[in-house]
Each structure stands twice: as C-alpha cells, then as structure tokens.
**Q** 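One structure is given below, represented as structure tokens, and several questions about it will come after.
All ligand and atom numbering here is 1-based and tracks the order in the structure. All residue numbers in this chain count up from 1 along the given sequence.
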Amino acid sequence: MSVASLSDFLLQRVTRAGASRTGKRAASSSNLTQLQQLPMNRQIYQLIREAILAQTLPVGLQLPSSRDLATELGMSRNTVTFAYEQLLAEGYLETRAGAGTFVADTAPDQIPESIERNTPLTDPSGKSELSARGAMLVRKAGVSDKQWGAFMPGVPDVTQFPHKVWSRLQNKYWRGNRSDMLTYGPGAGYAALREEIAEYLRLARSVNCNASQILITNGIHQSLDTVVKLLGEHGDSAWVEDPCYWGTRSVLNSLGIDTVPIPVDQEGMRMRLANLRRPPRFICTTPSHQYPLGMVMSLSRRRMLLEYAATHKVWIIEDDYDSEFRYGGRPLASLQGMDIHNRVLYMGTFSKIMFPGLRIGFLVVPESLAEAFGTGLAELYRSGQVFLQAALADFMAEGHFSSHIRKMRVLYAERLQILLQAIEHHFGNKLTITGGEAGLHLTLLLPPHCNDKLICEEARQRGIIVRPLSTYYMSPKSARCGLLLGYASVPSDEIATAFGKLAGVIKKHLD
Ligand SMILES: Cc1ncc(COP(=O)(O)O)c(C=O)c1O
C-alpha cells in the first residue's frame, strides 16, 4: 500500500466519516515522500500524529483497536501496536479502562490575555529574526568555506604533520580507558599541558609566566571571547588595528564591544591624540607580526602602549598567532614579557604549528586573575577533549613539537623564496610586498585603482584562492588594495604554476 493510500485509509478508518468529506489527508503531500522511506510502524505513527496535530482527528475521538486496524490493513498486529504505544508514550493518545484508545487533549497552554495572540513575535520573513548584532556578524563575516589550496592564507601544511607519532600518543590515552580522559576537563586545562606551554613560552617567547597563569582554550577566538566576557562590560570600547584579523572584530562586536579602528604604520599601531584622550577598555594587537600586513611593532611603540595601559588601567590583548615562523633573525620577544604592570593578556594557538582542526589554544593571564579565569572558562564552556590535551603535552615533552617547528620553518622559508621569485618573475619590482619575513602568508599590495575583491573572484574561478586586503579594513577611507597569499600549505613544485594563473588575472587588472 502506498503511503498516500495508507494516509487516506487511516483517516477514513479512524474518523469513520470518510476522508473524501474534507479532502484532507493524514499527512501533507510533501511529507508523503519522506514517509515512504520509513518502516510501516513509523509511517502509521507519523500519519496519526500529524493528523492529531492538524486537528483532523479531534480530541476524544476513539481509535479502532490495534487488532482491528491491523486486520484491515493486512499487517501484523505488532506493527500497529508499536505505533499506538509510541503515541500513548508521547501523550497524543490515551487509554480509558475498558473503553479503548482515544485522541488525547494536547491543546497548547493558553497564552495570557495580556499578550495579543495574533501579533507574531518575529517577522515571518525570517530576516529580522536575527538580533542586530547577529545580523551584523553574518553580514560582515570574514570566514571562508575553503580551507585548503593555493594560496589560502593562514593554513599550515597539515600533510607534513607527524601523524604516526601523534596517533601513538593519542592511542596511549585511549588504551588506558581512563575516566579522567573522558569526563569534563579541569577548568583551566590539563595540568601537564599547562606546564609544557609555560616552559615553552618562557624560553621561546620570553613570556613572563608560570603554569598557573596558563588557560587552555579551543583557540584564539575563545580566548578573546573569555577575556572580554570576564573583564569587559557591554558598551566598552576596544582599539583594534586597522586592518585586522576579521575574527577579532567579529568576536568583539558580537559581545557588544565598540571597536575603534587604529591605523598601522611601519612601527605598528599609530594612535591619534583624539584616541589617546579617550582610553578604551581593551587594546587588541598583533605586535610580533601585524595581521595581515606583517610589520613588527617597534620597541618605542611597545613601551608607549604599556605605559599608557598602566596609567589608564587598560587591558592589552596580545595575539601572538604565528611568531614561531620567522625566517630571518631570532623571533621577537612578546609584549607580555616587557610588561611590569600586569596589563597584558597573551593569546597563542596551536593552529599554525600543529594543525587548525586540533582547536587548542592558550591564554596567559596575570597571576591575580588566574583562578577567576579558570572558573570562568569552565562555567562558560565546560572544557573537554582532555585526551587531546594529554597527547599534546607528551608531544611537547618528547621534543616532537620543537622539531616539527624547526622542520616546518625550513620548508616554509623555501616556499616563501619560491613565491617571491615567482612574483619577481611576473612583476619585477612593480608591486610592493609586505610581511614576507615571517608567518604563513605575505601581502601583495596593488595600485588603488584595482578592485581586489574582483581579482579574488576571478582567481577563484581559475582554482586559486586569495583574499582581498581591502576587506580587512574597518575604515573604507584607509582601505588599501592588495592580496593575501598563503604559501605555507602549497607544495613547493606547485607554487610557480599556481602563481602564474594568479598573475594572469592580476595583469588584466593592472592595465
Ligand atoms: C591574527 C590571527 N589571530 C587568530 C587566528 C585564529 O586562531 P585560532 O585558530 O586559535 O582561533 C588567526 C587565524 O588565521 C589569525 O590570523
């Protein structure tokens, strides 16, 4: 029997009045196709349930006995009994002792008279169902659906990750069947990992910290979110670099923080007098490697920021997302390490060194805030994935972390050189390159008459992913035209060909 005829039959049989009277079915036609896929007992259950919800079967109506219905349908009684029992359990049907099975009263509770019943609480078009900040978040979203391919910025070469070592370490914790690996994690994170991170940060980034100040998060987005929730109020302001990482802007705005764009020059953030007169609650900065332009904040600018933060009780949020990859000279020390007034919150991530899908990052807070942050983090997010944190702690302790950084630094430096040569080959020194000394991407500046968004669209049609620099700016007036090119994840022997395709698109727009 097809679902449509089952639907008609059920309705006729159950109401005894005949479906043709109303022309209704027990299920809408769009649902009939979906129903067809289900086992017969689920079909009967769904058809009766929908008819009750649509009030086609009125409250109090008696249903035929499961035995009768099964006989008439030519099915086993179990099939019908299953459907009835499910409907009874969910409250759509009720049994009356000795009398049979009836449609139960499932009318919705009354909405108080004081609320107008006919006024929809939301716009049925769906558009305005988002809050103002939700709508802004979606409208200005910077996140990309593509995460792999030449020249996707910010992506490490995950194919080079030592999978075997990692799976050995992870298996060790799985094999143990340990309850502490599978329950919620400690608020601030797995102790051994916090120790490893503290040691690494002290040595490699001159961060002034001990393990108690380290909090494990699921990345920089969550670290920033936590800092702002615990130290900020709705309506506070934050200075952000202009241009900046889209994630910073989105997280801040979604928490009701007013973002104030601060232009950057060769020395980093350049505040105007008008800015300095109005101290913000937060200063968000990428001093070791400005994102996305790549400059390093000068010592004098760093000292000025720290002094200003101490005087005006401002929190500096330092995003140190990729400093491990510096291809000339020693990596620069962190801003946090220069701070003697405890005004810096330092954020780091394993996304670039390990792999982005790991979703582990860390936050370093002043000692006086450490306990509160541990509680706050657990209260907000109930941390977990302890087995990953444990494996990562071993990965660091056994030296794989440092050797992976060393290996990748050599590989990325080689890829950077190949890309620089390809750029020179096609454009000589006609185009300016910024940020080519560190990180996983560089920025190719284009003349102001170019439309970088259009170039990116055309490149995408040729299978090349690049991101338009202008979209990273908050103030349209200062927006520069250019392209962000990630080279780290592109195999060395594919860089020249891929760039050749991109160069073809760029040349068309330069003329
Ligand atoms: C400046 C900057 N901060 C933060 C992140 C993201 O870090 P996470 O993956 O830990 O959220 C990125 C990623 O590209 C970035 O470029």
Side-chain angles (χ1 to χ4, degrees), residues 141-148 151-158 161 189 193 197 201 205 214-228 238-252 254 259 262 264 268-269 282-297 316-326 332 334-336 345-364 377 381 383 385 388-389 392 412 434-435 438-443 465-469 471-474 484-489:
V143 69
S144 164
D145 54 340
K146 287 258 181 197
Q147 287 301 322
W148 189 247
F151 293 99
M152 181 67 203
V155 181
D157 190 345
V158 293
F161 186 69
L193 180 59
I197 294 174
L201 291 178
R205 308 292 308 124
I214 312 281
L215 297 126
I216 311 295
T217 66
N218 68 21
I220 283 178
H221 284 231
Q222 194 184 56
S223 296
L224 179 60
D225 178 270
T226 307
V227 168
V228 173
W239 290 353
V240 292
E241 295 168 337
D242 196 25
C244 78
Y245 174 53
W246 50 265
T248 306
R249 197 183 57 203
S250 290
V251 171
L252 291 170
S254 74
T259 40
I262 305 289
V264 288
M269 287 181 122
F282 301 108
I283 299 176
C284 297
T285 180
T286 48
S288 303
H289 189 220
Q290 203 281 328
Y291 192 88
L293 294 175
M295 48 281 241
V296 177
M297 189 181 284
I316 298 180
I317 306 178
E318 176 175 13
D319 178 351
D320 201 15
Y321 61 103
D322 72 356
S323 311
E324 288 76 15
F325 301 113
R326 176 153 284 281
L332 274 125
S334 64
L335 186 62
Q336 194 270 7
L345 297 118
Y346 176 95
M347 308 187 296
T349 181
F350 288 99
S351 294
K352 316 292 171 186
I353 310 174
M354 303 281 287
F355 52 96
L358 184 63
R359 299 316 293 142
I360 299 184
F362 48 88
L363 174 63
V364 186
L377 195 62
Y381 303 110
S383 44
Q385 301 193 323
L388 283 181
Q389 295 186 25
L392 180 53
Y412 296 161
T434 72
L440 311 181
H441 79 275
L442 57 76
T443 304
I465 313 159
V466 273
R467 305 201 89 187
L469 175 63
T471 59
Y472 289 78
Y473 282 85
M474 291 173 69
L484 269 67
L485 273 75
Y487 48 81
S489 62

**Q** Give a yes-or-no answer on whether the side chains of Tyr346 and Asp320 include a donor-acceptor pair shorter than 3.5 Å.
**A**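 Side chains of Tyr346 and Asp320: pair found under 3.5 Å.
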
**Q** Looking only at side-chain N and O atoms, does Arg205 offer a donor or acceptor that is under 3.5 Å from a partner on Ser288?
**A**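 Yes, a side-chain donor-acceptor pair sits under 3.5 Å.
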
**Q** For the side chain of Ser489 and the backbone of Pro156, is there at least one donor-acceptor N/O pair under 3.5 Å apart?
**A**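 No, because the side chain of Ser489 does not come within donor-acceptor range (under 3.5 Å) of the backbone of Pro156.
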
**Q** Taking atom CG of Asn218 and atom CG of Leu388, what is their separation to the nearest 0.5 Å?
**A**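 Result: 11.5 Å between the selected atoms.
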
**Q** Please check if the side chain of Thr443 supplies one atom and the backbone of Pro292 the other of a donor-acceptor pair under 3.5 Å.
**A**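 Here the side-chain-to-backbone pair exists.
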
**Q** Going by the angle between their ring planes, with limits at 30° and 60°, are Tyr321 and His289 parallel, tilted or perpendicular?
**A**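 Judged by the thresholds at 30° and 60°, the geometry between Tyr321 and His289 is parallel.
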
**Q** Heavy-atom contacts with ligand 1 below 4.0 Å: which residues, ordered by chain and residue number?
**A**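 Lining ligand 1: Gly219, Ile220, His221, Tyr245, Tyr291, Asp319, Tyr321, Thr349, Ser351, Lys352, Arg359.
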
